[in-house]
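All remarks here apply to the structure that follows.
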Amino acid sequence: MIFDIIENLNKYVSLNPKIGNGLEKLNEVEIDYNKRFDFDGGYLFFQEGTTTHIDKGTFEAHRNYIDIQIVMDGSEYVAWAPTAQLVVDVEYNAEKDVVRLEGSPKATMKINKGMAYICLPHDGHKALKYIDKATTYKKAVIKIEI
């Protein structure tokens with residue numbers, strides 16, 4: 001998993017050139033929480049809500065997409081563990097490109113406004129969490145085809 005600030009996301013285009021298309025689309029659209037925005041090589045959408053406790057829920061991972069999650073307002077914690085060190089809780093759903101996993105985090109990071117993280121297929125991630133007190137968030141999620 002990669003953690004960085006929003007301004008540095010263009011530096012990761014070498015991981016997958018489609019990242020540039022996603023960032024370009026993000027800069028073109030107006031925030032709409034009810035819409036999916038497609039681009040060459042993936043899609044993006046916006047989320048807003050309130051975080052849930054870090055102990056609740058499962059990790060997730062994806063096979064066909066890289067996740068770029070960008071916190072635009074508020075904050076969240078994200079827990080991380082390598083998928084090889086997690087146990088499958090809900091089998092892989094190809095239509096949704098997600099597997100749900102159980103296990104212990106190997107790292108936990110607070111993501112504040114202006115920060116982003118990139119999840120690769122081997123990154124089990126548990127997002128939208130809090131440790132001490134619930135927070136609100138607004139974020140963009142860019143899905144990049146592998």
Side-chain angles (χ1 to χ4, degrees), residues 1-13 15-16 18-39 41-83 85-90 92-93 95-146:
M1 186 173 292
I2 298 167
F3 298 96
D4 211 329
I5 58 173
I6 294 169
E7 294 81 8
N8 287 340
L9 288 175
N10 276 319
K11 295 179 180 186
Y12 299 99
V13 171
L15 288 175
N16 184 318
K18 298 170 191 169
I19 290 173
N21 297 345
L23 295 173
E24 186 176 308
K25 180 59 98 174
L26 177 63
N27 289 324
E28 292 174 1
V29 301
E30 291 197 32
I31 295 172
D32 184 338
Y33 294 100
N34 300 307
K35 190 172 179 182
R36 172 180 151 153
F37 300 91
D38 294 312
F39 57 87
Y43 64 94
L44 71 90
F45 58 92
F46 297 95
Q47 295 177 320
E48 66 178 337
T50 303
T51 55
T52 58
H53 195 271
I54 194 83
D55 292 336
K56 297 199 184 291
T58 57
F59 288 87
E60 67 179 52
H62 313 288
R63 293 183 185 167
N64 298 319
Y65 288 90
I66 295 169
D67 268 8
I68 302 174
Q69 303 203 22
I70 303 167
V71 176
M72 299 163 55
D73 197 28
S75 65
E76 68 171 300
Y77 278 88
V78 61
W80 170 85
T83 56
Q85 296 179 18
L86 299 169
V87 177
V88 173
D89 181 56
V90 178
Y92 178 73
N93 179 324
E95 185 178 316
K96 295 183 178 181
D97 187 42
V98 68
V99 60
R100 296 283 175 185
L101 306 153
E102 290 284 347
S104 299
K106 301 301 175 198
T108 303
M109 176 111 176
K110 185 174 185 183
I111 311 298
N112 294 307
K113 177 181 177 178
M115 295 177 68
Y117 54 100
I118 300 173
C119 307
L120 301 167
H122 59 272
D123 292 319
H125 53 285
K126 192 191 294 192
L128 307 176
K129 300 301 177 186
Y130 74 85
I131 293 177
D132 295 320
K133 183 179 176 186
T135 59
T136 58
Y137 63 87
K138 292 182 180 180
K139 67 190 297 186
V141 178
I142 303 174
K143 306 288 257 180
I144 303 295
E145 293 174 349
I146 297 174

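The chain is numbered in sequence order, starting from 1. The figures that follow rest on heavy atoms only: side chains count, while hydrogens, waters and symmetry mates do not.
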How far apart are the closest heavy atoms of Glu102 and Asp89, and which atoms are they? CG-CB, 3.6 Å
Minimal heavy-atom distance between Lys18 and Phe39, with the atoms involved, is O-CE1, 3.9 Å
Quick one: CD1 on Ile142 to CD1 on Ile66, what's the gap to the nearest 0.5 Å? 11.5 Å
Contact summary for Thr83 and Pro121, nearest pair of heavy atoms: CG2-O, 3.7 Å
Exceeds 12 heavy-atom contacts within 6.0 angstrom, atom CG of Asn93: yes
How long is the straight-line distance from CE of Met109 back to CE of Met115, given to the nearest 0.5 Å? 4.0 Å
At their closest point, which heavy atom of Ala79 faces which heavy atom of Ile54, and how far apart are they? CB-CD1, 3.9 Å
Taking atom OG of Ser75 and atom NZ of Lys138, what is their separation to the nearest 0.5 Å? 13.5 Å
Leu101 to Ala61 - nearest heavy-atom pair and separation: CD1-CB, 4.0 Å
Quick check: does any side chain N or O of Thr51 sit under 3.5 Å from a backbone N or O of Thr135, one acting as donor and the other as acceptor? yes
Side chains of Tyr117 and Asp123: do they bring a donor and an acceptor to under 3.5 Å? no
May I ask you to check whether over 12 heavy atoms, not counting those of Glu30, lie within 6.0 Å of atom CD? no
Rounded distance [0.5 Å steps], OH in Tyr33 versus CD in Glu48: 4.5 Å
Gln47/Leu128 under side chain to side chain contact (heavy atoms under 4.5 Å, CB included): CA gap, chis, key distance, verdict: CA-CA 10 Å; Gln47 295 177 320; Leu128 307 176; 4.1 Å; yes
Option passing side-chain contact (heavy atoms from CB on, under 4.5 Å) with Leu23 (candidates Ile144, Leu9, Leu44): Leu9
Short side-chain donor-acceptor distance under 3.5 Å, Thr52 and Lys129: yes
Would you sort out whether Phe45 and Lys35 count as a side chain to side chain contact (heavy atoms under 4.5 Å, CB included), showing the intermediate values? CA-CA 6 Å; Phe45 58 92; Lys35 190 172 179 182; over 6 Å; no
What's the separation between atom CZ in Arg36 and atom CZ in Phe46, rounded to the nearest 0.5 Å? 13.5 Å
Is the shortest heavy-atom distance from the side chain of Phe37 to the side chain of Asp32 under 4.5 Å? yes
Could you tell me which non-hydrogen atom of Ala134 sits nearest to which non-hydrogen atom of Thr50, and how far apart they are? CB-CG2, 3.9 Å
Are the side chain of Asp97 and the backbone of Asn64 linked by a donor-acceptor contact shorter than 3.5 Å? yes
Kindly indicate whether the side chain of Pro82, heavy atoms from C-beta on, has any atom under 4.5 Å from the side chain of Lys106. yes
Determine, stepwise, if the pair Met72 / Ile31 fulfils side chain to side chain contact (heavy atoms under 4.5 Å, CB included). CA-CA 11 Å; Met72 299 163 55; Ile31 295 172; 3.1 Å; yes
Just wondering, do Val99 and Arg63 contact through their side chains at under 4.5 Å, heavy atoms? no
Residue pair Tyr130 / His53, side-chain heavy-atom distance below 4.5 Å: yes
Tell me, do Asp67 and Lys143 make a side-chain contact under 4.5 Å, heavy atoms counted? yes
Run the side chain to side chain contact (heavy atoms under 4.5 Å, CB included) check on Val141 and Ile68 step by step: do they pass? CA-CA 6 Å; Val141 178; Ile68 302 174; over 6 Å; no
side-chain contact (heavy atoms from CB on, under 4.5 Å) partner of Lys11, the single match among Val13, Leu15, Asn8: Asn8
His125 side-chain N/O to Glu60 backbone N/O, donor-acceptor pair under 3.5 Å: yes
How many angstroms lie between atom CD1 of Ile131 and atom OH of Tyr77, to the nearest 0.5 angstrom? 4.5 Å
Short side-chain to backbone donor-acceptor contact, Lys25 and Tyr43, under 3.5 Å: no
